[in-house]
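In what follows, chains carry the letters A, B, and so on, assigned in the order in which the sequence lines appear, proteins first and then strands, with residues in each chain numbered from 1.
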2 protein chains.
Amino acid sequence: MVYDTHNIFAKILRGEIPCKKVYEDNHVLAFHDIAPKAPVHILVLPKGPYKDMDDFTKRASAEEITALFRAFSQIACDHGLDQSGYRLISNCGINGGQEVPHLHLHLLGGTRLGRMVQAG
Amino acid sequence: MVYDTHNIFAKILRGEIPCKKVYEDNHVLAFHDIAPKAPVHILVLPKGPYKDMDDFTKRASAEEITALFRAFSQIACDHGLDQSGYRLISNCGINGGQEVPHLHLHLLGGTRLGRMVQAG
């Protein structure tokens, strides 16, 4: 399946839709989730056109991969989560519950998070 | 806080405790979780002594970071999850619910996973 250039995160990356930006560099954009599931819920995206983790790790450069995860941790620190802790989640495809077909890492924190997996 | 060399994953990496290994390369070891939360539940670890995602992204080389996430996706493919989908989770610190102080990525799949976050 090819990358869908009309997905909402592609539109945000092109500046066609606004976001509450918290971080940006050459390879990465991060912004607050519009429907937060925790006191801190930030989405961290590579700027390149990658559908999901599988697509990203196969096609992106080592520089892009390193930039994404270093930015992720930096954003956690910037929001005071490095001492209290946080959770990284990335949903891939149908079984993962991925909602937008552009790779995004969820950064969740600011409260004691529940179990990793639940039924249903 | 320094890395605790007596944690259970350090012992597995040194071969002092057995594991059901599914993948190994110079930088990465992966094995089945002993208490699986989904039909497929694999733990993917860097071999270096990193406590969590924060520690890893600050101290590990670009080669180690790239190797970890490329291996993660490769293992998902090897287990037939690239088409059906999967979830990546990494818990960091107290609020994340991290149980072992050696960075590990959870690879969860084989069923439709539930919501990302639940209370309690």
Query - Top contributor to chain A contacts, counting heavy-atom pairs under 4.5 Å, from B:Ala38, B:Ala71, B:Gly85 - result: B:Gly85

**Report entry** B:Phe9 side chain reached by B:Leu43 side chain, heavy atoms, under 4.5 Å
**Finding:** yes

Query raised in the report: Heavy-atom distance under 4.5 Å between the side chains of B:Val28 and B:Arg70, does that happen here?
Result: no

Report task. Check whether any side-chain heavy atom of A:Val22 lies under 4.5 Å from a side-chain heavy atom of A:Asp78, and answer yes or no. Result -> no

Query raised in the report: Between A:Thr111 and chain B, which part of the residue has a heavy atom less than 4.5 Å away: side chain, backbone, both or neither?
Result: backbone

Requested in this report: For chain A, find which of B:Asn91, B:Asp82, B:Leu81 contributes the most heavy-atom pairs closer than 4.5 angstrom.
Outcome: B:Asn91

Query raised in the report: If you look at every heavy atom in B:Gly110 and B:Pro39, which pair is closest and at what distance?
Result: O-CG, 3.6 Å

Query raised in the report: Would you call A:Tyr86 and A:Ser73 a side-chain contact if the rule is heavy atoms closer than 4.5 Å?
Result: yes

Query - chain B-proximal positions within residues 45-69 of chain A [heavy-atom distance under 4.5 Å] - result: A:Met53, A:Asp54, A:Thr57, A:Lys58, A:Ala60, A:Ser61, A:Ala62, A:Ile65, A:Thr66, A:Phe69

Report task. Indicate yes or no: at least one non-hydrogen side-chain atom of B:His102 is less than 4.5 angstrom from one of B:Ile12. Result -> no

Query raised in the report: Between A:Lys20, A:His41, A:Lys21, which is the residue that forms a side chain to side chain contact (heavy atoms under 4.5 Å, CB included) with A:His32?
Result: A:Lys20

Query raised in the report: Under 4.5 Å between any side-chain heavy atoms of A:Leu103 and A:Ser90, yes or no?
Result: yes

Query - Selection from A:Gly109, A:Cys77, A:Ser84 maximising heavy-atom pairs under 4.5 Å formed with chain B - result: A:Ser84

**Report entry** Part of A:Leu108 within contact of chain B (heavy atom distance under 4.5 Å)
**Finding:** side chain

